[in-house]
Every structure is written in structure tokens, then in C-alpha cells.
2 protein chains.
Amino acid sequence: MNTQPRLTRNQDMVFRVLVDAKTPLSAYTILDQVREFGIRAPLQIYRALDKLQGWGMVHRLESLNAFIACARADCQRHEMVAFAICDKCRHVSEFSDAQVKAHLDNWVGDKEFLANQTAIEIRGTCRACAR
Amino acid sequence: MNTQPRLTRNQDMVFRVLVDAKTPLSAYTILDQVREFGIRAPLQIYRALDKLQGWGMVHRLESLNAFIACARADCQRHEMVAFAICDKCRHVSEFSDAQVKAHLDNWVGDKEFLANQTAIEIRGTCRACAR
DNA sequence: ATTCTTAATGTTATAGCATTACAGTTTTTT
DNA sequence: AAAAAACTGTAATGCTATAACATTAAGAAT
Ligand SMILES: [Zn+2]
Ligand SMILES: [Zn+2]
Ligand SMILES: [Zn+2]
Ligand SMILES: [Zn+2]
């Protein structure tokens with residue numbers, strides 16, 4: 001998507017909260033953590049998140065209605081990314097798999113479907129939580 | 001998941017609405033369509049949807065917060081299913097791809113992640129809407 | 001520097017999605 | 001018949017997201 005400029009004050013606050021978090025956060029949880037810095041409304045969070053997502057710095061986890069900082073260096077490059085989400089501890093592993101991407105691209109190509117964005121989210125239990 | 005018994009009154013009403021629909025419906029849209037039959041509260045819809053999902057008769061589209069009747073004969077079998085969702089007309093194509101499943105199984109196997117459920121949702125534009 | 005233009009911010013209100021808690025009923029099993 | 005399990009009804013509440021509008025800040029053009 002668009003290339004990333006210098007972050008504004010709100011964008012920077014939201015991004016920092018997500019980077020520090022060990023688990024995905026909802027927009028309202030982020031809001032709670034930046035209230036002390038003068039942000040008061042959900043919309044301020046959602047606007048910052050929209051920008052950060054556009055720059056590949058943050059991902060939205062559709063099955064959680066939550067957001068997480070990108071775990072990779074430069075995420076707008078690999079464009080199809082998958083998440084393994086632990087339902088016990090909420091740890092999230094981000095990865096990309098070229099072969100999965102190839103197969104899905106293949107399918108949508110056959111159907112002449114124009115793909116914009118793909119969400120792959122695996123819910124389960126991580127190794128640590130499985131003991 | 002569990003094998004499907006005879007549907008109760010509420011489950012049957014909700015399922016029929018979804019089967020008749022041409023696009024995914026939110027729980028509240030379903031509610032609107034069954035109010036005339038005496039259902040009044042969202043929870044009655046969500047309870048029916050939970051059961052129907054467990055039996056593989058209905059899928060939840062995470063990126064839409066909406067639900068759709070399964071397009072396949074016996075969906076609890078193939079357990080990893082993907083959706084291509086048109087953002088213009090909301091048409092949804094359900095498909096499964098053994099190779100995608102194999103690659104993702106491979107990844108979670110390496111990480112010793114115990115997968116329960118996988119959501120794959122491709123958002124974009126269908127052939128008809130692309131002209 | 002001043003105007004023009006675009007992007008970001010602040011605020012309130014509202015819309016949309018989902019669950020908790022509790023009480024009652026029906027169905028199935030023993 | 002009694003006990004257990006599944007399903008239903010209802011009200012209240014909580015969480016997630018956007019619409020609408022006014023204001024301010026930042027960048028480009030003259
Ligand atoms: Zn990423
Ligand atoms: Zn875990
Ligand atoms: Zn299905
Ligand atoms: Zn379409």
C-alpha cells in the first residue's frame with residue numbers, strides 16, 4: 001500500500017501500545033491505555049489503526065476483532081500472511097507461506113476473482129499451553 | 001463436530017432463512033426476518049447459530065461478522081474451508097483446497113500448534129462485478 | 001509571507017454485534 | 001415418575017465500529 005511517512009502523534013501512540021503488547025488488543029483496550037495522554041474517543045484509535053494497517057505496520061485479526069503489530073520487517077511485501085492464535089494465552093504467531101499463497105492465487109485465478117486482501121487465521125492451542 | 005439431530009423450531013427457522021438468503025446475513029438481520037414467527041431476542045438467534053455451526057450446516061464469516069449456510073453436502077468432513085467474498089455484491093464462494101490444508105497443517109505441525117479451526121477469507125471482487 | 005489545499009484531530013451521538021444472568025419449559029434418560 | 005439434559009424466553013448490559021460535524025495543523029503554490 002502507501003509508503004509510510006513519519007507517524008503523527010496519535011498514530012505513534014497507538015503503534016507503541018501495540019508494539020509493547022504481548023497479545024492482540026482491541027481498539028477499546030488501546031484506548032484505555034492512551035487516555036492518560038489525552039485521547040478520549042474510539043474514533044481516534046480507529047483512524048490511527050486504519051493508517052497503520054495501510055502501511056503494513058499493524059494487522060487486524062478478524063476472528064478476534066483485535067489488532068497486533070506486525071512481527072516482520074516489511075510486511076507490505078509479502079501481502080499474504082497467516083496467523084496462528086492460541087485461544088488459551090492469546091499468543092499469536094505470524095507467518096507467510098508462499099505455497100499457500102500460490103494455491104489460493106491459483107484458485108482465485110481460475111474463478112477470475114480479483115483478490116484484494118486475504119485473512120488466514122488458525123485458532124488453537126500453542127505448544128507452551130499444550131504443555 | 002457433533003452429528004446433526006433433528007432441528008428444533010428455532011434452529012430450523014434460522015437455518016431456513018440462511019438457506020434462502022443469497023448473501024451472508026448478520027444475526028440481527030436474521031432476527032428481523034423471524035420476528036413475525038415469535039422470536040424476539042438476539043440470543044435466540046446466536047444460540048441456534050452456535051448449534052448449526054457445530055454441525056457444519058452454517059459458517060461464520062469472521063471478516064463480515066455474518067453467517068452463511070454451508071454450500072457443500074457434508075461440511076464437517078473437509079474441516080478446512082475457504083471463502084471468496086465479493087465486496088461489491090456480497091456473493092460468497094465456498095471452497096476447500098487440500099493442498100492449502102496440507103501446507104498449513106505442515107506449518108502448525110512444525111510449530112507443535114494444535115489447530116482447532118481455520119478461517120480463510122479472501123476479500124475482493126467477483127467476476128460478475130468486475131464486468 | 002499569504003493563500004490554497006489536504007490531512008489529521010476532537011467531540012458527540014449513534015449504529016451494529018454479542019454475551020451475561022436468570023427463570024422457565026420441553027425432551028430425553030434412568 | 002423422577003432426574004438430567006437440552007432448549008427457550010426475556011431483560012439488561014457490554015463490546016465493537018462508524019456517521020456527522022467542527023476545528024486545527026501541515027504542506028504546497030503563488
Ligand atoms: Zn506482518
Ligand atoms: Zn498459548
Ligand atoms: Zn461448508
Ligand atoms: Zn460481485
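The chains referred to below are lettered A, B, ... by the order of the sequence lines, with proteins before strands, and numbering in each begins at 1.
Between the side chain of A:E121 and the backbone N or O of B:A119, no donor-acceptor pair lies under 3.5 Å.
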I'd like to know whether B:I45 forms a side chain to side chain contact (heavy atoms under 4.5 Å, CB included) with B:N10, so could you lay out the CA-CA distance, the side-chain angles of the two residues, the decisive distance to 0.1 Å, and finally the verdict.
CA-CA 8 Å; B:I45 307 296; B:N10 288 3; over 6 Å; no
As a quick check of understanding, evaluate side chain to side chain contact (heavy atoms under 4.5 Å, CB included) for B:V58 and B:V14, giving each step before the final call.
CA-CA 10 Å; B:V58 162; B:V14 169; over 6 Å; no
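Every side-chain contact (heavy atoms from CB on, under 4.5 Å) that A:R40 has, sequence neighbours left out, goes to A:Q44. Residues satisfying the side-chain hydrogen bond (donor to acceptor under 3.5 Å, both in side chains) criterion with B:T125, sequence neighbours excluded, are absent altogether. Take B:H103 and apply the ring pair (Phe, Tyr, Trp, His ring centres under 6.0 Å) test, not counting sequence neighbours, and it matches A:H103. Every ring pair (Phe, Tyr, Trp, His ring centres under 6.0 Å) that B:F83 has, sequence neighbours left out, goes to B:H59. Listed by chain and residue number, nothing satisfies the side-chain hydrogen bond (donor to acceptor under 3.5 Å, both in side chains) test with B:R47 (two or more places apart in sequence, or in another chain).
A heavy atom closer than 4.0 Å to some atom of DNA chain C occurs in B:L43, these being the qualifying members of residues 30-45 of chain B. Near DNA chain C, defined here as any heavy-atom distance below 4.0 Å, there are no residues from residues 84-92 of chain B.
Along DNA chain D, read 5' to 3', the first and last nucleotides having any atom under 4.0 Å from a heavy atom of chain B are D:dC7 to D:dT10. Reading DNA chain C from its 5' end, the first and the last nucleotide to sit under 4.0 Å from a heavy atom of chain A are C:dA8 to C:dT12.
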Report all side-chain donor-acceptor pairs from residues 104-114 of chain B shorter than 3.5 Å, counting only partners two or more places apart or in another chain.
| from | atom 1 | to | atom 2 | distance (Å) |
| --- | --- | --- | --- | --- |
| B:D105 | OD2 | B:K101 | NZ | 2.7 |

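Residues A:R47 and A:Y28 each lie close to DNA chain C; by heavy-atom proximity, the contact nearer the 5' end of the strand is made by A:R47.
Contact annotation for B:R6: no contact, since no heavy-atom pair falls under 4.0 Å across all strands.
Rounded to 10 degrees, the angle between the two end axes of the helix from C:dA1-D:dT30 to C:dT30-D:dA1 is 40°, with five pairs used at each end.
Between B:K88 and B:C129, the shortest heavy-atom distance links the atoms CB-SG, 3.7 Å. Minimum heavy-atom separation, B:G56 to B:C70: O-CB, 3.4 Å.
For residues 19-28 of chain A, the side-chain hydrogen bond (donor to acceptor under 3.5 Å, both in side chains) pairs, not counting sequence neighbours, are A:S26-A:T29.
Considering only heavy atoms from C-beta on, A:I85 stays 4.5 Å or farther from A:I122 through its side chain. Between A:W55 and A:Q11 there is a side-chain heavy-atom pair separated by less than 4.5 Å.
Side chains of A:R123 and A:S63: a donor-acceptor N/O pair is present below 3.5 angstrom, by distance only.
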